[in-house]
Amino acid sequence: MSASDVAALVKQAVDIVDVVGQVVPLRRVGNRYIGLCPFHAEKTGSFHVDGESQFFHCFGCGAGGDVLTFVMRYQNLPFADALKYLADRYNIALPERDRGESGAARASREEHDRLHHVLKAASDFFYDQLHRSAAGKAAREYVAKRGLPEKTLEAQRLGFAPDRWDGLLQYLKGMGANPDLGVQAGLLVQADGGRCYDRFRNRLIFPIADDQGRIVAFGGRSLDGSEPKYLNSPETPVYHKGRMLYQYATARKACRDVRQVVVVEGYMDLLAFHGRDFFRVAATLGTALTPQQVRLLARIADEVILLYDADPAGEKAMVRAAPLFLQERLAVTCLQLPDGMDPDDFLRAKGLEEFEKLMQQRRSLAAHITGKTLDQWDGTNGGKTKVLTELQSLYASMNQPVLRMECLRLIADRLSLPEKVIDQQLRRGSRMSGKAAPHFTAAPIPECSQTQSPEESILRIMVKHPSLIEEVKASGGVEFFNPPQLKAIAEALVQSPHPPREAFDASAVYAMLPGQELKELFTRLVMEWDSYGEASEAQLYLQDRLGALLQREEKKKPPSLREALRAAELEGDAEKALRLLKQIRDLHSSKKTKERQENV
């Protein structure tokens with residue numbers, strides 16, 4: 001695997017907003033995050049981070065690049081060490097990393113390797129206990145009762161933890177594993193006296209894998225009614241539950257065609273969908289949704305459908321999740337199943353086809369929460385104030401005008417108040433009770449110069465409207481680009497994947513550019529606001545700029561035939577004049593013939 005392949009693997013697994021946000025206070029502004037640049041002193045925030053393109057750029061000092069560039073600059077690390085830093089921090093396996101590895105990096109990698117090995121061994125043990133042991137009979141009957149097909153059991157490697165205190169412990173000892181490693185992996189618990197025992201006992205086991213398919217943790221469902229109903233692995237060096245989602249990798253593949261994902265609360269609910277060949281579904285891991293998980297969902301989907309239990313706990317979880325989606329500007333809807341059914345019950349009773357019909361009744365999460373809050377109004381004027389107070393935090397998170405107007409109309413209809421009064425009340429309350437944002441003024445992004453060269457204009461249009469790259473390519477105008485820096489970026493754009501054959505990939509263009517100067521210039525072009533409007537307007541402006549570029553090149557050519565004829569006549573060179581005159585007539589005649597053919 002080449003260095004660029006390894007870098008692509010790392011960049012695919014991490015989120016630049018998460019990485020930068022850990023060291024730079026960021027504030028959401030539109031669809032970007034803005035903060036004070038860590039690379040130069042400033043009082044107005046000109047440092048932009050874009051989760052969609054996975055680039056950063058400072059419009060103050062010009063620093064820009066991808067997540068690896070940021071780590072290299074901020075941590076003062078060479079490329080290879082920046083890769084290792086991110087790989088260790090986000091539990092990403094890098095191939096052949098021994099050569100040139102520091103002692104600390106090698107120790108961390110070897111620790112992760114040992115943990116992955118013991119976790120894989122535990123998964124094999126649980127799998128055998130479910131499928132081959134007499135003790136696993138009750139678990140097999142439970143799985144059959146829940147209607148999980150064999151293909152799902154096999155695909156997800158479900159297992160069973162026997163009702164023993166040392167079942168897994170003895171298995172690990174038998175393979176030569178130190179119990180301390182089992183404790184570190186979250187498989188065993190160490191009592192105060194130092195004795196170790198199995199964490200999971202008499203439970204159906206759900207292996208939890210990372211993006212690369214490696215087992216990192218387990219969830220266990222009680223089979224005898226003991227509490228908790230679901231028991232999950234603790235946080236470990238290879239497992240961070242707030243940064244992962246159950247079956248995220250499978251959902252990511254399924255969302256390539258339809259960028260919509262369903263989020264459920266439980267393992268069995270999710271597997272009920274898998275059993276019916278519906279894979280656009282992910283589940284939380286025993287915790288409330290986190291900002292990192294919402295950003296993971298934003299990378300694979302344009303809409304998230306929350307399918308939580310219709311009980312107070314489920315409602316509370318949706319209320320907590322709403323601001324996270326609103327701040328990310330990720331469309332989020334919710335769907336409640338009839339008669340208090342959970343997804344597993346509904347699918348077994350009604351089937352997938354009925355669920356897909358029911359999906360058409362989904363409602364925006366903000367409108368749902370607003371409606372539920374309005375249901376608490378007691379009919380008094382004091383009750384109106386109470387309801388509006390409860391809605392203030394939700395309203396403060398709404399960045400989308402359309403969604404805000406929808407909720408305002410809903411409140412106005414129910415409380416019989418003017419929308420303007422409601423808006424003022426909600427805005428005033430959100431200012432008084434809102435969370436403090438990083439304190440700085442966001443600097444405006446510099447406007448594009450009105451006197452920019454044709455090359456600059458064409459390049460900006462190619463970046464902001466990739467569908468027009470093919471038109472630039474066909475014109476042959478890239479050949480005349482100057483200076484060389486602009487020509488290099490234009491050539492990379494033309495050579496990289498672009499419409500109509502393939503989707504545009506800014507990261508592919510970035511990877512093709514040699515040198516940090518070109519990469520920073522490209523990230524600036526990506527991060528600038530689009531000042532060209534709709535594609536049709538951009539196309540007209542592109543044609544004008546291409547015309548200007550080609551006209552400029554035309555002027556650099558040798559004198560035209562007519563100019564040469566005039567010079568020959570002045571010089572008295574009759575022979576040369578007759579020859580040039582014949583060329584002009586031939587050229588004129590061929591042009592007329594071509595025009596007649598086109599008219600026919």
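When reading the values below, keep in mind they use all heavy atoms of this one structure, side chains included, and skip hydrogens, waters and symmetry mates.
Comment: Asp88 does not engage Lys84 in a salt bridge, judged by the lack of any side-chain N to carboxylate O separation of less than 4.0 angstrom. Between Asp66 and Lys11 there is a salt bridge, since a side-chain N of the basic residue sits under 4.0 Å from a carboxylate O of the acidic one. Comment: Lys151 engages Asp277 in a salt bridge, judged by a side-chain N to carboxylate O separation of less than 4.0 angstrom. Contact check on Glu356 versus Arg362 returns no salt bridge, with no Lys/Arg side-chain nitrogen under 4.0 Å from an Asp/Glu carboxylate oxygen.
Rounded to the nearest 0.5 Å, atoms CG (Leu153) and CG (Leu271) are 8.5 Å apart. For the atom pair NZ (Lys350) and CZ (Arg348), the distance works out to 13.5 Å, reported to the nearest 0.5 Å. The CG atom of Asn202 sits 11.0 Å away from the CZ atom of Arg221 when rounded to the nearest 0.5 Å. For the atom pair Leu86 CG and Asp81 CG, the distance stands at 11.0 Å (nearest 0.5 Å). For the atom pair CZ (Arg203) and OG (Ser226), the distance works out to 5.0 Å, reported to the nearest 0.5 Å. Put simply, CG on Leu119 and CZ on Arg114 are 13.0 Å apart, with the number rounded to the nearest 0.5 Å.
In this structure Arg259 satisfies the salt bridge (Lys or Arg N to Asp or Glu O under 4.0 Å) test together with Asp302, sequence neighbours excluded. Every residue two or more places apart in sequence or in another chain was checked for a side-chain hydrogen bond (donor to acceptor under 3.5 Å, both in side chains) with Arg276, and none qualifies. Residues passing the ring-ring contact (aromatic ring centres under 6.0 Å, His included) test with Phe273 are Phe278, Phe355, sequence neighbours excluded. Listed by chain and residue number, Tyr267 satisfy the ring-ring contact (aromatic ring centres under 6.0 Å, His included) test with Tyr230 (two or more places apart in sequence, or in another chain). Every residue two or more places apart in sequence or in another chain that forms a ring-ring contact (aromatic ring centres under 6.0 Å, His included) with Phe279 is listed here: His274. With sequence neighbours excluded, no residue forms a side chain to side chain contact (heavy atoms under 4.5 Å, CB included) with Asp257. For Phe47, the ring-ring contact (aromatic ring centres under 6.0 Å, His included) criterion is met by Phe56, not counting sequence neighbours. Residues forming a side chain to side chain contact (heavy atoms under 4.5 Å, CB included) with Arg132 (at least two apart in sequence, or on another chain): Tyr127, Asp128.
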_Steps toward side-chain contact (heavy atoms from CB on, under 4.5 Å) verdict (Phe346, Glu354)_ = CA-CA 9 Å; Phe346 183 89; Glu354 285 300 312; 4.2 Å; yes
*Hey, mind stepping through Arg280 and Gln260 against side chain to side chain donor-acceptor pair (under 3.5 Å) and telling me if it holds?*
CA-CA 7 Å; Arg280 288 185 289 108; Gln260 178 195 68; 3.1 Å; yes
*What's the verdict on side-chain contact (heavy atoms from CB on, under 4.5 Å) for Phe55 and Ile16, showing C-alpha distance, side-chain angles and the deciding distance?*
CA-CA 7 Å; Phe55 290 139; Ile16 192 171; 5.6 Å; no
*Carefully, step by step, assess Gln22 and Arg89 under the rule side chain to side chain donor-acceptor pair (under 3.5 Å).*
CA-CA 12 Å; Gln22 293 177 27; Arg89 196 171 186 86; 2.7 Å; yes
_From CA spacing to verdict: side-chain contact (heavy atoms from CB on, under 4.5 Å), His131, Arg140_ = CA-CA 7 Å; His131 291 270; Arg140 291 192 292 271; 5.7 Å; no
*Any chance you could lay out the side-chain contact (heavy atoms from CB on, under 4.5 Å) test for His57 and Arg32, step after step, and finish with the verdict?*
CA-CA 11 Å; His57 188 84; Arg32 299 271 179 82; over 6 Å; no
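Heavy-atom minimum distance, Leu296 versus Arg243: CD1-O, 3.2 Å. A pairwise comparison of heavy atoms in Ala282 and Leu245 identifies CB-CB, 4.3 Å as the closest pair. Annotation for Lys241 and Ser233: closest pair NZ-O, 3.4 Å, computed over non-hydrogen atoms. Taking all atoms of both residues into account, the shortest heavy-atom contact from Ser123 to Phe218 is N-CZ, 3.7 Å. Nearest heavy-atom pair across Tyr239 and Met244 is CD1-SD, 3.7 Å. Residues Ala366 and Met398 come closest through the heavy atom pair CB-CE, 3.8 Å.
No donor-acceptor pair closer than 3.5 Å links the side chain of Thr284 to the backbone N or O of Gly286. Proximity of a side-chain donor or acceptor of Gln360 to a complementary backbone N or O of Lys357 within less than 3.5 Å is not detected. The backbone N or O of Asp309 lies less than 3.5 Å from a partner atom in the side chain of Glu265, making a donor-acceptor pair. Asp166 contributes no side-chain N or O that, together with a main-chain N or O of Leu169, makes up a donor-acceptor pair within less than 3.5 Å. Looking only at distances, no side-chain donor or acceptor of Ser496 sits under 3.5 Å from a matching main-chain atom of Val509. Of the possible donor and acceptor atoms, none in the side chain of Thr152 sits under 3.5 Å from a partner among the backbone N and O of Leu148.
Using cut-offs of 30° and 60° for the angle between ring planes, the Tyr74 and Phe70 rings count as parallel.
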Output side-chain donor-acceptor pairs under 3.5 Å for residues 324-335, partner residues at least two apart or in another chain, one line each.
residue, atom, partner, partner atom, Å
Glu328, OE1, Tyr33, OH, 3.3
Glu328, OE2, Tyr33, OH, 2.0
Arg329, NE, Gly30, O, 3.4
Thr333, OG1, Glu303, OE2, 2.8

Which donor-acceptor pairs under 3.5 Å do side chains of residues 171-185 form with protein atoms, sequence neighbours excluded?
residue, atom, partner, partner atom, Å
Asn178, OD1, Asp180, N, 2.8
Gln184, NE2, Glu111, OE2, 2.5

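Sequence neighbours left out, not one pair with a member in residues 282-293 passes salt bridge (Lys or Arg N to Asp or Glu O under 4.0 Å). Within the structure, the salt bridge (Lys or Arg N to Asp or Glu O under 4.0 Å) test picks out the following pairs touching residues 12-26 (sequence neighbours left out): Asp15-Arg295, Asp18-Arg295.
Each of Asp124, Ile205, Ile215 was evaluated against Arg157; a single residue qualifies, Asp124, per the side chain to side chain contact (heavy atoms under 4.5 Å, CB included) test. Each of Asp505, Thr69, Thr523 was checked for a side chain to side chain donor-acceptor pair (under 3.5 Å) with Tyr510, and the lone residue meeting it is Thr69.
If you check the side chains of Tyr142 and Arg146, you find a donor sitting under 3.5 Å from an acceptor. For the residue pair Gln336 and Gln361, no side-chain donor N or O sits within less than 3.5 Å of a side-chain acceptor on the partner. Gln12 and Arg299 share no donor-acceptor pair across their side chains, judged by distance under 3.5 Å alone.
At most 12 non-hydrogen atoms from other residues, nucleotides or ligands lie less than 6.0 angstrom from CG of Asn76. More than 12 heavy atoms of other residues, nucleotides or ligands sit less than 6.0 Å from atom CD of Gln190.
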